Engineer: 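First the structure, then my questions, so here it is.
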Amino acid sequence: MIRKPVVLITGAGGEIGHGLIEHLAKAGRQPVITLDVNPLNPALGRMVQREFTGSIMDKSLLERVLSEFEVETVYHLAALLSTRSEFTPITAHQVNVEGTLNLLEFSQKEAESHGRPVTFLYPSSIAAYGLPDLATKARAGKVKEDAFNTPATMYGANKLYCEQLGRYYAKFYKQLAAEPQSGRVDFRCVRFPGLISAMTVPSGGTSDYAPEMIHAAAKGEPYACFVRPDTRIPFMAMPDGVDALWQLARAPNAQLTRTAYNLAAFNPSAEDVRTEVLRAFPDARITWENDVKRQGIVDSWPEDVDDTAARRDWGFAPAYDFTRAFRDYLIPTIGKRYAR
Ligand code: SER
């Protein structure tokens, strides 16, 4: 039996998965198979060659995928986001860490069986950082990858550790064995800012206030923002996020000097987001209702990140700054989404 070379996306039904499936389907280079705990929405399902409904914790399901497909690239997107993870930290650890370990081991076995490295794309997050207080956050400005790696959340700790796990598979896996076994998993990771999609709303994250504000306004619903107006963290328009993963996947390995890269696009305050939303939807009803605990999480994230390495090594260059993200992507697309 001949197994087919494919791309595997886990967590494919999530926000990034939506954009990525469309992007890969358009590029049309390689068939896509997906794994998600929920069935894909049928429009997305039609764009993929095979849809597995199940958990990344299910090793026998991963064995089945291995037996049927030659996976050459993995986009491992499945995760529990930061707010949800604080309510169920043990489950978060299981899904975010053990699940990632399962996918890394799956990729190692795939590479051993088809004889080529598996490119493994992993979205980490600004949650991997932990700034101790607002004064330090203001002073820190654009944070570099290796500074402030002291996350304040289960999710952030999970992401930071999985970055290290991926690096271990890529560079040191079974380093004492007679035959070298590292490098079969070609691990590549980006630390995403908060992502804003016009097509989907996030669930269970803490950067959710920005996309929630925009989507509520587009639907004509009131929104009470759970962070202070002066709250500032980096954000990015979803098409740039998807593009970044795709670009990093195709970059020649020899050009990569790191396994985890910061990405930046724009970093508005919550007040800036409100102002921009009101410009597009003058009737929007947006109020402030601070959730001190979630505020604490956002305050521990940097106000900006230094993405020099990504720009230099693999040509990262986001198309959307704050103004363009609203004018050319969010407002026109979101308008169509809710037009009935
Ligand atoms: N957007 C994510 C969250 O809020 C951070 O990566 O959890």
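Computed from a predicted structure; not experimentally measured. Heavy atoms only: backbone and side chains are in, while hydrogens, waters and symmetry mates are out. Each ligand, and each atom within it, is numbered from 1 in the order the structure gives.
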Engineer: Mind checking the CG-CZ spacing from Asp146 to Arg258? Nearest 0.5 Å is all I need.
Structural biologist: 4.5 Å
Engineer: Looking at Tyr223 versus His215, is the centre-to-centre ring distance below 6.0 Å?
Structural biologist: no
Engineer: Can you tell me the protein heavy atom closest to atom 3 (C) of ligand 1 and the distance?
Structural biologist: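 Checking every protein heavy atom, the shortest distance to atom 3 (C) of ligand 1 gives Ser82 OG, 3.3 Å.
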Engineer: Got an N/O contact under 3.5 Å between Thr83 and ligand 1?
Structural biologist: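 Between Thr83 and ligand 1 (N or O atoms, distance only) the closest approach is not under 3.5 Å.
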Engineer: What is the closest protein heavy atom to atom 4 (O) of ligand 1, and at what distance does it sit?
Structural biologist: Thr206 N, 2.6 Å
Engineer: Looking only at side-chain N and O atoms, does Tyr129 offer a donor or acceptor that is under 3.5 Å from a partner on Arg191?
Structural biologist: yes
Engineer: Please state which protein non-hydrogen atom is closest to atom 6 (O) of ligand 1 and give its distance, to 0.1 Å?
Structural biologist: Ser125 OG, 2.6 Å
Engineer: For ligand 1, note which part of Trp301 has a heavy atom under 4.0 Å away: side chain, backbone, both or neither.
Structural biologist: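 Just the side chain.
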Engineer: Is the shortest distance from a Lys or Arg side-chain nitrogen in Arg294 or Glu86 to a carboxylate oxygen in the other one below 4.0 Å?
Structural biologist: no
Engineer: What is the minimum heavy-atom distance between Gly220 and Arg285, and which atoms define it?
Structural biologist: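 Shortest heavy-atom contact: O-NH2, 2.9 Å.
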Engineer: With heavy atoms only and a cut-off of under 4.0 Å, state how Phe192 meets ligand 1: side chain, backbone, both or neither.
Structural biologist: neither
Engineer: Are any of the N or O atoms of Asp208 closer than 3.5 Å to those of ligand 1?
Structural biologist: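 For ligand 1, there is no N or O atom that lies under 3.5 Å from one belonging to Asp208.
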Engineer: For ligand 1, note which part of Ala127 has a heavy atom under 4.0 Å away: side chain, backbone, both or neither.
Structural biologist: neither
Engineer: Counting non-hydrogen protein atoms only, what is the nearest one to atom 1 (N) of ligand 1? Give residue, atom name and distance.
Structural biologist: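 Residue, atom and distance for the closest contact: Ser207 OG, 2.8 Å.
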Engineer: Are Asp186 and Arg188 within salt-bridge range, i.e. N to O under 4.0 Å?
Structural biologist: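 Judged by the 4.0 Å cut-off on N to carboxylate O distance, Asp186 and Arg188 do form a salt bridge.
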Engineer: Under the criterion side chain to side chain contact (heavy atoms under 4.5 Å, CB included), which of Phe106, Phe187, Tyr75 is the partner of Phe120?
Structural biologist: Phe187
